[in-house]
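All chains are named by letter (A, B, ...) in the order of the sequence lines, taking the proteins before the strands, and each is independently numbered beginning at 1.
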Amino acid sequence: MDGALLPRDFFDGPVEEVAPALLGHVISHRTPEGEVAARLTEVEAYAGPLDPASHAYRGRTPRNEVMFGPPGHVYVYFTYGMHFCMNLVCGPDGTSMAVLLRAGEIIEGEDVARARRPRSTVRDLARGPARLCQALGVAREQNGLDVCVPGGPMTVRRGEPADPALIRNGPRTGVNGAKEVPWRFWIEGDRTVSPYRPHVPRQRKKITAEG
DNA sequence: CTCTAGATCCTCT
DNA sequence: GAGGATCTAGAGA
């Protein structure tokens, strides 16, 4: 049924199956400023302790705590000193799988999203994981929210499903471990899918050889 | 479109 | 201390 919330069972499975199944569905977040909703067009799967690219690879820490809990909750993390990214926790309680939400199309609350990202074109409002969080108003305070609560501030509802023939997969963006694992999923031809960028280690300062 | 570089601070080793 | 599941501006094609 279109518009119904995705049940918790939806998230309680292998990430590499849940991730592509999320494409086309709609995440929405309500704040005092208003409600913003995005149709998901790009996601990535992270498999927990066996996955070198996962934040859970080295076990449980204060930061990744939520990933080890029950499915259907949001794992938000802070990165690069200024950005937030959001995941949906998958798999049974006690495991640490998650799907990174990488991009979407704003289908509701565009005015609110534009106010949050005034320099962005409409196409770029949620084109990238940190942009998506900014457009939805997601930050540290949203870490741990349950998206399976009807009437709650953050929900995932059934949208117009992505055409299975248009779903593509390939290597994950910007990760340093397990580069070959093709667990990035997107809707081919959708203009809101982010451009692929390989991982580039950044150097802190200019290396001065002599003075 | 491509490429380059800077911003900025939290987290884990 | 090192580096990161990124974004933006600016320059050039």
Can you say whether a donor on the side chain of A/Tyr77 sits under 3.5 Å from an acceptor on the base of C/dA5, or the other way round? yes
Assess, by modelled atom type and distance only, whether the side chains of A/Glu105 and A/Thr41 contain a donor and an acceptor separated by less than 3.5 Å. no
Rounded to whole angstroms, how far apart are [atom1] on [X] and [atom2] on [N]?
X: A/Glu65; N: B/dT11; atom1: CD; atom2: P; value: 13 Å
X: A/Arg197; N: B/dT4; atom1: CZ; atom2: P; value: 13 Å
X: A/His55; N: B/dC12; atom1: NE2; atom2: P; value: 10 Å
X: A/Tyr196; N: C/dT6; atom1: OH; atom2: P; value: 11 Å
X: A/Arg63; N: C/dG4; atom1: CZ; atom2: P; value: 12 Å
X: A/Tyr57; N: C/dG4; atom1: OH; atom2: C1'; value: 17 Å
X: A/Tyr75; N: C/dA5; atom1: OH; atom2: C1'; value: 9 Å
X: A/Arg123; N: C/dC7; atom1: CZ; atom2: P; value: 14 Å

ILVMFWY cluster, A/Phe11 and A/Phe68 together (side-chain gap under 4.5 Å): no
Indicate if A/Trp186 and A/Val156 have the same hydrophobic cluster label, given that clusters are the connected sets of ILVMFWY residues with side-chain heavy-atom separations under 4.5 angstrom. no
Residue-phosphate contact under 4.0 Å: [X] side-chain N/O, [N] OP1/OP2:
X: A/His199; N: C/dA5; result: no
X: A/Thr61; N: B/dC12; result: yes
X: A/Arg58; N: B/dT11; result: no
X: A/Arg131; N: C/dT8; result: yes
X: A/Arg119; N: C/dA9; result: yes

Return the pairing partner of B/dC12 with a 3.5 Å limit on both distances, Watson-Crick or G-U wobble; otherwise return none. C/dG1
Considering Watson-Crick and G-U wobble pairs with both distances under 3.5 Å, what does B/dA7 pair with? C/dT6
Report yes if the ring of A/Tyr46 lies under 5.5 Å from the six-membered base ring of C/dA5 with planes under 30°, and no otherwise. yes
A/Met82 vs A/Arg140, nearer the 5' end of DNA chain B by closest nucleotide: A/Met82
Is there a side-chain contact between A/Asn64 and A/Tyr77, using heavy atoms and a 4.5 Å cut-off? no
Quick check: do A/Pro153 and A/Leu145 have side-chain heavy atoms less than 4.5 Å from each other? yes
Need one value for [X]: base, sugar-phosphate or nothing, where a base atom within 4.0 Å counts as base even if backbone is also close, heavy atoms only.
X: A/Ala53; answer: base
X: A/Arg172; answer: nothing
X: A/Phe78; answer: sugar-phosphate

Is the A/Tyr75 ring parallel, tilted or perpendicular to the A/His55 ring (thresholds 30°, 60°)? perpendicular
For the side chain of A/Arg117, starting at C-beta, report the closest nucleotide among C/dC7, C/dA5, C/dT8. C/dT8
Please compare A/Asn176 and A/Ser120 by the position of their nearest nucleotide in DNA chain C and report the one closer to 5'. A/Asn176
